[in-house]
Protein chains: 2
Amino acid sequence: MAEESRPVPTKSRTATLTDVARLAEVSIATASKALNGRDQVKAETRARVIAAAEKLSFSPNALARGLLAGRTGSVGLLTSDLEGRFSIPVLMGTEDAFGAGRMSVFLCDARGDSIREQHHLQSLLSRRIDGLIVVGSRTDPRPSLGRNLPVPVVYAYAPSESPDDLSLVSDNVGAGRLAVEHLIACGRTRIAHITGDPAYKAAQDRAAGARATLEEAGLPMAGGQVLFGSWTEGWGRGATRMLLANTPEVDAIFCGSDQIARGVLDALREHGRDVPGDVAVVGFDNWEVLAANARPQLTSIDMNLEHLGRVAAQRLFAAIDGKTGSGIESMPCRLVPRESTTAQG
Amino acid sequence: MAEESRPVPTKSRTATLTDVARLAEVSIATASKALNGRDQVKAETRARVIAAAEKLSFSPNALARGLLAGRTGSVGLLTSDLEGRFSIPVLMGTEDAFGAGRMSVFLCDARGDSIREQHHLQSLLSRRIDGLIVVGSRTDPRPSLGRNLPVPVVYAYAPSESPDDLSLVSDNVGAGRLAVEHLIACGRTRIAHITGDPAYKAAQDRAAGARATLEEAGLPMAGGQVLFGSWTEGWGRGATRMLLANTPEVDAIFCGSDQIARGVLDALREHGRDVPGDVAVVGFDNWEVLAANARPQLTSIDMNLEHLGRVAAQRLFAAIDGKTGSGIESMPCRLVPRESTTAQG
DNA sequence: TTGTACGCGTTATCAC
DNA sequence: GTGATAACGCGTACAA
């Protein structure tokens, strides 16, 4: 259990440039130049100043500097939903990119509430961030924050509804194509698609890509149509049972998520179908915990979300430097082959 | 694809207090008082100032304010590993608590690298954060950042090695007790424990709690000893097979993680054991995606990590106000009952 | 090469 | 009630 501690020995106030200057016996102007690498200062003087700074463990006050410079070297990261597992990798990517660029990141979670979002936005603006990244939790377009913000904004994962904004998204249509092309390349011809809630644009996009690719190859959609449902293992199991009953000749299933795929694998095993011998399975999200631990290990589509976040950071950097862009920039996904599609049936 | 946009119409510089004062035809001193609710200003004047502020969509510069006040209203959140799923809930809790208190949160991910951690720490200090929360990804103690930082620090999830620091952790020993007590209450007497890597303190603590509770009840540890392995489904399956071979009379399994538990459920089903009829199963982490979608749904231990994060934020608030504490504060876990233990065999 | 002085945007203290 | 004015800590013209 925690105890109250004795009063801490008086913390010495953090050193200021004035302190350093005094110790080095120069003016604060000279101290500033010495520490910032300006070349109008004698080497010996600079050394003395640097030594003094070290000794006082001086660290320049970023607030004062920002006040003067008009730029703070900080950006906002406004997420609508930290819980959703899609925000996290995007967030990691941006944090990584900004950290490398000596930028600090303010994290705000609006929890899907637009009131809270506005509140956070005001707070960020009052802190004079240099730019803002808005991360959504679904691929459906979200309302724009507007064009008259004093800082550039980049939307990631969930695009802005306004084409005037710059948005970075995953190419879900392309991902659907990727999955079906892979299955066709594996020699499959009776390919079904089991996916989640049809109200999600992600579901529609992936299905569109899958449909288009099948049509171009002159192949039918096994099961007659895309099987929409929910993003759960339970739906994966249920849909598979229906599918096996109606279309027993199915030899491949493209799933809208790894969770669904886990349910599909489960049901296939129950019905004695070998994977990938009888039926090949492709998942979506490449969620390691699910995909890599499945039996057999699950081939899956990776949206490269961390990369998406990094690119978002780069675009924001560029925008801060005045090179603004607009429109929706679509990033390719990649297929990660594992056991559930490798062997040839 | 994104296109270059035409040069944006000149953004009007964000309004300052001077602008507001000029528009309201008062001095900046009066404007400041009016906006900050000081009571030495005529109502009519105040209204005029507020109107002017609205019109210019004035937002006070937090940098200037912080420079003067000596407090910035921002805190640092230093995580060692954003990828690990334990950091996220803690982080959500702290973000939530601080957001409500009008504090902004700087997010830094050190990626388990102490060099990067030092770098982030310096960056945060230069931004004059009011306090710092350090979130680890494992429950093993981590090196202290030291006692001579200019701001209070609270360690969450992973405690500091130094008892002089304040740390908040989950009570893993208590959680082990909780699980076994529940199984005993369900009428089980031949209880096994399959868990992860023995190098993790979490594994040792949970095992210790389980052992102690069994001893107190005069029950043996089924299987003869705790089955340590890795935090994977694969180990859950493998360990279960061994267990069923050596100790077929086992009637309950307490698992060190939900992933392990999923493997255990899998193997039990394969061997024709009914859950919970023949064998009851308890998981750990209460990871919804795994626990709630298991067949049967998995009873699991929840570490209340979001709450842990919120309490960490409260402790930091208190420390900022001068009420510092120290030592390790242990937060209770809770058992979430689901199908895998409810029915009586 | 070094030092002086101003200003970034606010708030608080004091006069008026 | 209101308005000058001095800080907060720093960078940078400009003067010395």
Side-chain angles (χ1 to χ4, degrees), chain A residues 12-50 52-53 56-74 102 122-123 125-130 150, chain B residues 12-50 52-53 56-74 102 122-123 125-130 150:
Chain A
S12 55
R13 192 179 48 80
T14 63
T16 163
L17 188 56
T18 311
D19 302 328
V20 175
R22 185 159 28 223
L23 180 58
E25 297 179 305
V26 294
S27 71
I28 61 166
T30 305
S32 173
K33 289 170 195 161
L35 292 175
N36 291 332
R38 293 275 164 282
D39 53 353
Q40 318 138 330
V41 45
K42 206 195 325 186
E44 191 268 333
T45 311
R46 185 191 307 276
R48 217 169 59 235
V49 172
I50 291 181
L56 300 176
S57 56
F58 167 77
S59 136
N61 186 321
L63 277 71
R65 191 179 267 181
L67 193 54
L68 207 51
R71 308 188 321 106
T72 56
S74 66
R102 319 209 145 280
Q122 286 312 313
S123 166
L125 291 179
S126 80
R127 297 203 130 85
R128 298 300 187 264
I129 52 170
D130 297 333
Chain B
S12 56
R13 193 178 47 82
T14 63
T16 163
L17 187 58
T18 310
D19 302 328
V20 175
R22 183 159 30 221
L23 181 58
E25 295 178 310
V26 294
S27 73
I28 59 168
T30 305
S32 175
K33 290 170 194 161
L35 292 175
N36 290 332
R38 296 274 163 284
D39 53 352
Q40 316 140 329
V41 48
K42 205 192 331 184
E44 191 267 334
T45 311
R46 185 192 306 277
R48 220 169 58 235
V49 172
I50 291 181
L56 300 176
S57 56
F58 166 77
S59 137
N61 186 323
L63 277 71
R65 192 178 272 185
L67 192 54
L68 204 51
R71 307 188 320 104
T72 56
S74 66
R102 318 210 147 282
Q122 286 312 314
S123 165
L125 292 179
S126 80
R127 297 202 131 85
R128 297 300 185 264
I129 51 170
D130 295 335

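Because the structure is predicted, anything quoted here is derived from the model rather than measured. To find a chain, count down the sequence lines: A is the first, B the second, and so on, and within it residues start at 1.
In terms of position on DNA chain C, the residue among B/Leu67 and A/Asp39 whose nearest nucleotide sits closer to the 5' end is A/Asp39. In this structure, B/Val26 and A/Asn61 both approach DNA chain D, and ranking their closest nucleotides by distance from the 5' end singles out B/Val26. Toward the 5′ end of DNA chain C lies the nearest nucleotide of B/Leu63, the other residue of the pair B/Leu63 and B/Arg38 mapping further downstream.
Between the CG atom of A/Leu67 and the CG atom of A/Asn61 there is a distance of 9.5 Å, given to the nearest 0.5 Å. Note that CG of B/Asp39 is 7.5 Å distant from CZ of B/Arg46, once rounded to the nearest 0.5 Å. For the atom pair CD1 (A/Ile28) and CG (A/Asp19), the distance works out to 11.0 Å, reported to the nearest 0.5 Å. Taking OG1 of B/Thr16 as the start and CZ of B/Phe58 as the end, the distance is 6.0 Å to the nearest 0.5 Å. Here the CZ-OG1 distance, from A/Arg127 to A/Thr72, works out to 10.5 Å after rounding to the nearest 0.5 Å.
Between A/Arg48 atom CZ and C/dT1 atom P there is a gap of 14 Å when expressed in whole angstrom units. One can place CD of A/Gln40 at 15 Å from P of D/dA15, the figure rounded to the nearest angstrom. If you take CD1 of B/Ile28 and P of C/dA12, they are 13 Å apart, rounded to a whole angstrom. We find that CD of A/Glu25 is positioned 17 Å from C1' of C/dT1, with the value rounded to whole Å. Going from atom NZ of B/Lys42 over to atom C1' of D/dG3 covers 14 Å, rounded to whole Å.
Of the candidate nucleotides C/dA12, D/dG11, D/dC10, C/dA12 has the atom nearest to the side chain of B/Ala29. The side chain of B/Lys33 sits closest to C/dT13 out of C/dT13, D/dT12, C/dT11. With distances taken from any side-chain atom of B/Ala64 to the nucleotides C/dG3, C/dT10, D/dG11, the minimum falls on C/dT10. Side-chain atoms of A/Leu68 lie closest to D/dG9 of the nucleotides D/dG3, C/dG3, D/dG9.
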Mind running side chain to side chain contact (heavy atoms under 4.5 Å, CB included) on B/Arg128 and A/Ser59 for me, showing each step along the way? CA-CA 10 Å; B/Arg128 297 300 185 264; A/Ser59 136; 3.6 Å; yes
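Within the 4.0 angstrom heavy-atom criterion, only backbone atoms of the sugar-phosphate kind lie near A/Leu17; the bases stay farther away. Using a 4.0 Å heavy-atom distance criterion, B/Arg71 is classed as making no nucleic acid contact. The residue A/Ser32 sits close to a base: some heavy atom pair falls under 4.0 Å.
Counting only heavy atoms from C-beta outward, the side chains of A/Val49 and A/Val41 never approach each other to under 4.5 Å.
The main-chain N or O of B/Arg38 is never found under 3.5 Å from a side-chain atom of B/Asn36 such that the two would form a donor-acceptor pair.
Phosphate contact (OP1/OP2 of D/dT2, side-chain N/O of B/Thr30, threshold under 4.0 Å): absent. Close to D/dC10, at under 4.0 Å from its OP1 or OP2, lies no side-chain N or O of A/Arg65. Considering only side-chain N and O atoms, A/Thr16 lies nowhere under 4.0 angstrom from the phosphate OP1 or OP2 of D/dC8.
Recorded end-axis angle for the helix from C/dT1-D/dA16 to C/dC16-D/dG1 stands at 50°, based on five pairs per end and rounded to 10 degrees.
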